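First comes the structure, then the notes that go with it.
Since we're looking at a predicted model, the values are computed, not measured.
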Amino acid sequence: MTQFLIANMAPLMFAALVVVLLMGYPVAFSLGAIGMGFGLLGIELGLLAPTLFQAMPERIWGVMSNETLLAIPFFTFMGLILERSGMAEDLLDTIGQLFGPVRGGLAYAVILVGALLAATTGVVAASVISMGLISLPLMLRYGYDRRVASGVIAASGTLAQIIPPSLVLIIMADQLGRSVGDMYAGAFIPGFVLTGLYCGYVALVTLVKPSFAPALPLEARSLREPDGSPGTRSLLVLTLVAIAGALAFEWWKLPANAPLDLSIIVGLSMGMGIAFVAAVINRVTRMGLLSRLAERVVFVLIPPLALVFLVLGTIFLGIATPTEGGAMGAAGALIMATARKRLSFDLLKQAMSTTAKLTTFVVFILVGARIFSLTFYGVNGHVWVEHLLSDLPGGQIGFLIFVNVLVFLLAFFLDFFELAFIIVPLLGPVAEKLGIDLIWFGVLLGVNMQTSFMHPPFGFALFYLRSVAPKTEYVDKLTGKLTAPVTTGQIYWGAIPFVVIQMIMVALVIAFPQMVMVYKDESPQVDPNSIEMSVPLEPGAEGAPAEGEAKEGQPQFPGYGDAPKEGEAAKDGEAGKDGAASDAKPASDPFYAPPPASEDKK
């Protein structure tokens with residue numbers, strides 16, 4: 001029995017954790033208790049040294065001193081201030097009016113506002129509850145199918161997991177040992193592609209079942225001109241002018257090989273700036289060139305978007321770290337709430353309390369995970385996992401299929417924090433050994449983990465929506481009609497198409513890795529072996545130029561020594577971006593594995 005325990009300590013430890021979690025015990029305490037219990041058992045069996053737990057204070061201190069995790073409370077506070085200062089209501093009302101004449105207009109508005117809230121709050125619960133309270137009564141009032149309405153609201157809230165600045169991406173980067181800025185840059189395009197897929201599903205529903213998502217009736221469209229026109233023409237002209245100005249600025253200032261995510265950030269920022277200045281001039285001078293709808297769209301949409309792009313832009317450009325960007329975003333949110341005259345002591349108190357609770361929740365889980373991993377690594381659990389996964393048939397593709405199926409199934413029972421702290425640290429080293437880019441791998445897992453919020457019957461987004469959806473019949477305040485409730489079954493059926501869409505997005509990230517790999521700096525790399533340098537001779541020597549002169553094509557400063565000869569390794573400081581001059585990793589290939597070192601290099 002003793003030999004069996006010693007030989008199978010790692011799988012027994014993992015199985016015990018799964019059982020304890022399924023029994024409903026808190027994740028942080030389950031991780032810590034399993035780690036401590038099996039650690040003491042290993043010491044008793046002689047498998048572990050009695051000094052094992054002396055390393056625990058240092059590991060816990062490593063959690064407390066991790067500056068990357070400071071971004072979590074900053075971004076959470078920023079999102080809560082913006083969400084509770086009425087931004088969601090203003091955005092939904094404005095975009096609802098904009099898309100009102102279109103079938104499914106309210107659903108498009110919910111998805112786009114969900115994407116904007118995701119980019120500002122980064123918290124799924126805040127997004128789903130806000131959208132449920134604000135948009136669900138409107139969608140029921142104007143005849144939307146309850147399954148479509150509930151599915152759109154729950155799915156749009158989960159965009160907060162993949163669109164930067166997402167808390168999931170911060171934790172994923174920390175667990176994989178990669179830069180948060182690179183993780184944000186890699187997730188930027190997939191997040192908006194997923195938003196487009198959601199909009200595509202709504203468009204398909206309106207074509208197949210027009211009655212499921214009707215347009216807003218004429219009396220519900222309040223932002224109209226005195227002559228009765230909707231005012232979309234001036235908005236279209238303003239949009240074209242802003243796009244033209246943004247493209248001209250990019251052509252003038254950005255290099256031709258600028259990264260795609262940087263071009264998007266700079267272009268959108270410049271376009272929004274042009275539109276906002278034009279709207280301010282139109283209001284101050286009362287020229288009347290812009291319609292009510294155009295002015296409303298500009299003044300409601302651009303301030304939160306400007307804050308998001310200011311935060312993300314400084315991170316992508318390398319001006320600020322994610323922690324500094326989060327602090328700047330929190331300060332910007334306070335300024336915006338003050339400017340709207342909606343900042344109060346109660347709002348500030350609620351936001352700070354919720355931020356403290358969420359941050360404490362994350363840190364406690366991370367401390368428990370460190371205790372668990374200390375014992376798990378001590379019994380060579382990482383070696384067991386590595387052998388288990390690296391021997392799968394199919395190599396990289398087989399590993400990716402297995403991992404995505406595993407995460408999809410575990411998401412039925414675990415939320416994304418538990419998956420990120422328990423599963424990702426075990427999968428990361430294996431993926432790196434197989435030559436998979438960890439930023440790409442992290443974004444792929446982030447897209448997959450979205451399903452943990454949408455899985456019937458355990459999806460947390462469905463629970464959040466159930467808490468605010470009407471459970472009994474009620475009388476609509478505006479129309480006075482008796483409205484039927486939203487059943488739990490309708491919420492579950494509405495979520496299933498969006499789970500399928502999320503799985504399609506996982507397949508797209510695997511099939512088109514360039515969506516994520518834009519995070520790599522694609523500026524031209526200089527091969528140190530191709531550099532030629534010559535040491536200038538002393539002035540006065542034969543063939544040497546006079547002092548203060550230089551030969552044609554020769555620099556007027558001394559060289560730094562000869563370039564490495566062919567076959568020699570580059571000196572320290574002369575290696576390429578990925579650490580070696582000769583093994584430069586292709587920028588768009590997440591599956592690249594460097595060739596093994598030859599025997600004379602080992």
For [X] and [Y], which heavy atoms make the closest approach, and how far apart are they?
X	Y	result
Ala461	Met454	CB-SD, 4.4 Å
Ala71	Ile170	CB-CD1, 3.7 Å
Val443	Pro190	CG1-CG, 4.2 Å
Gln450	Thr158	NE2-O, 2.8 Å
Leu462	Ala495	CD2-CB, 3.7 Å
Ala149	Leu136	CB-CD1, 4.1 Å

If you define the side chain from C-beta out and look only at heavy atoms, does anything of [X] sit under 4.5 Å from [Y]?
X	Y	result
Val148	Lys209	no
Ile423	Met449	no
Val128	Phe453	no
Leu366	Gln175	yes
Ile162	Val168	no
Val506	Thr451	no
Ser373	Arg59	yes
Ile510	Trp440	yes

Return the [atom1] to [atom2] distance between [X] and [Y], rounded to the nearest 0.5 Å.
X	Y	atom1	atom2	value
Ile72	Thr323	CD1	OG1	9.5 Å
Tyr201	Thr206	OH	OG1	11.0 Å
Asp174	Leu169	CG	CG	12.5 Å
Leu427	Leu434	CG	CG	11.0 Å
Leu194	Leu159	CG	CG	5.5 Å
Phe372	Ile365	CZ	CD1	14.0 Å

Step through it carefully: locate the ring centre of Phe188, locate the ring centre of Tyr184, and say whether they are under 6.0 Å apart.
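So the answer is no for these two rings.
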Got more than 12 heavy atoms from elsewhere within 6.0 Å of [atom1], [X]?
X	atom1	value
Trp384	CH2	yes
Phe408	CZ	yes
Tyr377	OH	yes
Arg147	CZ	no
Phe463	CZ	yes

Hey, can you tell me if Phe498 and Tyr198 have their rings parallel, tilted or perpendicular (30° and 60° cut-offs)?
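Plane angle over 60°, so perpendicular.
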Listed partners of Thr359 passing side-chain hydrogen bond (donor to acceptor under 3.5 Å, both in side chains), at least two apart
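Per chain and number, Thr359 pairs via side-chain hydrogen bond (donor to acceptor under 3.5 Å, both in side chains) with no residue.
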Residues in side-chain hydrogen bond (donor to acceptor under 3.5 Å, both in side chains) contact with Gln490, at least two apart in sequence or another chain
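Residues passing side-chain hydrogen bond (donor to acceptor under 3.5 Å, both in side chains) with Gln490: Thr487.
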What do the steps show when you test Val110 against Met139 for side-chain contact (heavy atoms from CB on, under 4.5 Å), and what is the final call?
CA-CA 10 Å; Val110 167; Met139 300 176 85; 4.0 Å; yes
With side-chain contact (heavy atoms from CB on, under 4.5 Å) as the test, would you mind laying out the steps for Val205 and Val208 before giving the verdict?
CA-CA 5 Å; Val205 168; Val208 178; over 6 Å; no
Hey, mind stepping through Phe53 and Thr375 against side-chain contact (heavy atoms from CB on, under 4.5 Å) and telling me if it holds?
CA-CA 9 Å; Phe53 291 119; Thr375 303; 4.0 Å; yes
Leu197 and Leu508: side-chain contact (heavy atoms from CB on, under 4.5 Å), yes or no, with the steps?
CA-CA 11 Å; Leu197 290 177; Leu508 288 177; 4.0 Å; yes
